Amino acid sequence: MCGIVAYVGNKQVVPLLLEGLKRLEYRGYDSAGVAVITSSGMKVQRAVGRVSVLESQIEKAPGFEGCTGIAHTRWATHGSPSVPNAHPHSHKTSDGYLVSLVHNGIIENYVSLRKWLEAKGHKFTSETDTEVIAVLIAEFYKGDLEAAVKAALREVTGAYAIAVICEREPHTLICARKGSPLIIGIADKSYVVASDASAIVSHTTQVITLDDYQVAKLCAGPNDKYNPVAEASGDTSGGGGPWKVDFKTTTIDDVPVTRDVQELEFDLAQIELGQFEHFMHKEIMEQPESIRTCLRGRIDLRDNRVVLGGLASFTRELVRARHFILTAQGTAFHAGLIGEYLLEDIAKVPARCHYASEFRYRNPIIEEGSITVAISQSGETADTLAALREAKDRGSLALGVVNVVGSSIARETDAGVYLHVGPEIGVASTKAFLGQVLVLTLISLYVGRRRYLSAEQLHNYLEELERLPDMVSKVLEQSDAIRTATEKCLDRNNWLFLGRGYHYPVAVEGALKLKELSYIHAEGMPAAEMKHGPIALIDKGMPVVFVATQGSQYDKVISNIEEVRARGGRVIAVATEGDTQITRYSESVFYVPHVSEALQPMLTVVPLQLVAYHAAVLRGHDVDKPRNLAKSVTVE
Ligand code: M6R
């Protein structure tokens, strides 16, 4: 995925665009660029690497004064990270005006469009799919940017969020979306457009969003020069006459649509580092608070019930469900694996979690009584969205367990439960994982109580959930000890993570965290599976992390630990407070408070998050922006 930010208004645009890009950098960070309409025409600067590289180039290149501009931070899909492939992409209209465009998404039919445009004499300068949109707009431009953008979008298939400007209309910004996110902020005398709220909140909390295939024309300029349809004045000064702002929204087929202005509920502190050096660390440490916000209003101890307003109108279907299909990718998939255990154990309904990327292509069987649950932090993951659509097409009720309010998955599900854990900026998912597991726990309790769970059993769970934030805080207190233990093992480039039952997905999640942040190879699997092959990897000093809390399979895990030790493996254990026996078998032990087995994953994952965090810091890696990754994967 990529980040886009754009502005039309009365302020100098470059500082504003760079600030926005820095906020959006977590969405992609291999190259960046800006285009600004200045008094001498369009100025474009693009750079490989971080936004800071672009910033220093612009500082050295004068003449970027102007009040209308677009900017982009890229995660390469088509074409390597290079200056020609970086956005904005620009192309000249037949009457010599430059059109510039930034894009997030994928244009699926770009090869045929490119051939068609090349046959008409257009020259391409990049390997990207995006450039065809810029060239199409220039091709269709007859003095009306909005009309040209719509004509271009009618030709493309795929996903897009775009922002477009043209030298000939210096006070106009056109944006549109299909599939990829885009928010329009209405600020004082200006509009600011971005891929997500983090680049908007410092300017305004008044926003509109577009639905798929919708286009917004945003104009802001001095009244005496204001002619948003065909301005050739070249006046970009932002002075002269009363300021006029104006927006209109239509479909790409030119049908007018009304979009309501909404108030963004967003606290700037949520996207600031504050006292922390890294967002990942901040997000790990704020998990007690994010559990509280996720639980707020959802557990009612007095009436002994779980309140899930988003699911209330589907309670009947939930109680009669014959099969839950959970679908997700990455860390969200691991939350879904825990969801399998929760739904079967607590709600007594069969449940299976599928990689969304596999599910959508396997001709899945959706029978009467199947409920599909799409799990996603961003709500934009392409595979998860596609799996959700596939399940819906086959008649399944579709629920969402999503963090980002108003995201594509949230909008396309029949109902759902938001995580409400606040924005997650670090590319490695931590507090969202906890939120996903917590929401799946609540859904299991909600359904379970209406099936076989007794009032007393529910009460016990609710009491424990209420104490969960404090329990997580106790685990977090061990951060320094976890750092020391991690440091001792950093000489090794292969690690194993093992667990049984509820802790098998925790082990897999621990391995993913370590590999994506520290670039250490790690495997996570059910502890018993080790004997069926992976045991061959174990040699003297190999770090093996066991989730070994007291529960139904504790003794079996201890046997697995013995097997590792017998081969010289170095054991790191996550154990239950008060377990003194485990120290005999382990080089390092991290403790979690005692809680019901079903709730343990929300505690046992925390030390593993810290292991990965400290490993990355100790190895000198960019914790919040690990190499080759982006926060959400909006391509298949
Ligand atoms: O936004 P989503 O939850 O749908 O994202 C799914 C995965 O891409 C994501 O969890 C990814 O695996 C993270 N890098 C894990 O830390």
Side-chain angles (χ1 to χ4, degrees), residues 1 3 26-29 75 77 104 179-181 195-196 278-281 283-284 287 326-339 353-360 373-388 400-413 416-419 421-440 497 505-506 508-519 522 524 605-606 608-613 615-616 621-636:
M1 76 175 175
Y26 73 96
R27 299 177 64 89
Y29 36 85
W75 183 70
T77 56
N104 175 25
S180 302
S195 302
D196 70 44
H278 303 108
F279 279 107
M280 183 190 179
H281 194 210
E283 287 155 9
I284 292 173
Q287 288 180 115
L326 308 165
T327 189
Q329 295 289 143
T331 285
F333 172 76
H334 302 152
L337 287 178
I338 295 173
C353 185
H354 303 261
Y355 281 114
S357 54
E358 294 299 315
F359 178 79
R360 62 170 301 201
V373 184
I375 308 162
S376 174
Q377 188 287 129
S378 62
E380 302 294 343
T381 299
D383 285 312
T384 310
L385 187 57
L388 169 75
V401 172
V402 172
N403 195 32
V404 177
V405 176
S407 55
S408 301
I409 293 175
R411 282 142 66 127
E412 292 200 23
T413 42
V417 183
Y418 280 119
L419 308 185
V421 297
E424 190 179 66
I425 311 281
V427 164
S429 189
T430 52
K431 65 174 180 175
F433 175 80
L434 226 70
Q436 288 156 351
V437 177
L438 185 52
V439 166
L440 290 166
F497 287 73
V506 173
V508 183
E509 171 59 9
L512 173 65
K513 285 283 92 76
L514 188 68
K515 62 188 144 193
E516 71 178 326
L517 290 166
S518 67
Y519 320 146
V605 76
V606 176
L608 307 192
Q609 296 170 339
L610 285 166
V611 165
Y613 171 72
H621 294 169
D622 188 339
V623 177
D624 288 330
K625 299 183 190 72
R627 72 181 177 205
N628 305 335
L629 289 175
K631 181 64 185 160
S632 96
V633 183
T634 51
V635 291
E636 285 183 45

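This structure is a prediction, so every number in the text was calculated from the model and none was measured. The residues of the chain are indexed from 1 along the displayed sequence. Note that ligands are numbered from 1 as they come in the structure, with each ligand's atoms numbered from 1 the same way.
Proximity to S378 (heavy-atom distance under 4.0 Å) selects the following atoms of ligand 1: 1 (O), 2 (P), 4 (O). Every atom of ligand 1 with a heavy atom of S429 under 4.0 Å away is listed here by number and element: 15 (C), 16 (O). Near A332, the atoms of ligand 1 lying under 4.0 angstrom from a non-hydrogen atom of the residue are 3 (O), 10 (O). Taking every non-hydrogen atom of Q377 and a distance limit under 4.0 Å, the qualifying atoms of ligand 1 come out as 1 (O), 2 (P), 3 (O), 4 (O).
Within the structure, the closest approach of V427 to ligand 1 falls below 4.0 Å when heavy atoms are considered. Not close to ligand 1: E380, with no non-hydrogen atom less than 4.0 angstrom away.
A donor-acceptor pair under 3.5 Å links the side-chain atoms of Q329 to the main chain of A356, judged by distance alone. In this structure, the side chain of K625 does not engage the main chain of Y29 through any donor-acceptor pair within 3.5 Å. Judged by distance alone, with hydrogens and angles left aside, the side-chain atoms of K631 form a donor-acceptor pair with the main-chain N or O of G426 at under 3.5 Å. Side chain of N403 to main chain of G422: a donor-acceptor pair is present (N/O by atom type, distance under 3.5 Å, no hydrogens or angles). Checked by atom type and distance alone, the side chain of Y418 pairs as donor or acceptor with a backbone atom of G406 at under 3.5 Å.
Taken from CD in E509 to OG1 in T331, the straight-line distance is 3.5 Å, to the nearest 0.5 Å.
A side chain to side chain contact (heavy atoms under 4.5 Å, CB included) with I375 is found for one member of V437, V401, I409, T327 and no other, namely V401.
Taking atom 14 (N) of ligand 1 as the reference point, the nearest protein heavy-atom neighbour is E516 OE1, 2.8 Å. Shortest contact from atom 5 (O) of ligand 1 to any protein heavy atom: T381 OG1, 3.4 Å. Here the protein heavy atom with the shortest distance to atom 8 (O) of ligand 1 is V633 CG2, 4.2 Å. Among all protein heavy atoms, the one lying closest to atom 9 (C) of ligand 1 is T331 N, 4.0 Å. Scanning the protein for heavy atoms near atom 6 (C) of ligand 1, the closest one is Q329 O, 3.3 Å.
Residues S180 and E380 have side chains that never bring a donor and an acceptor to within less than 3.5 angstrom of each other. Checking E424 against S429 by side-chain atom types alone, a donor-acceptor pair falls below 3.5 Å.
Between K513 and ligand 1, an N or O atom pair is found at a separation short of 3.5 Å. Checked by distance only, ligand 1 and K631 stay at 3.5 Å or farther apart across all their nitrogen or oxygen atoms.
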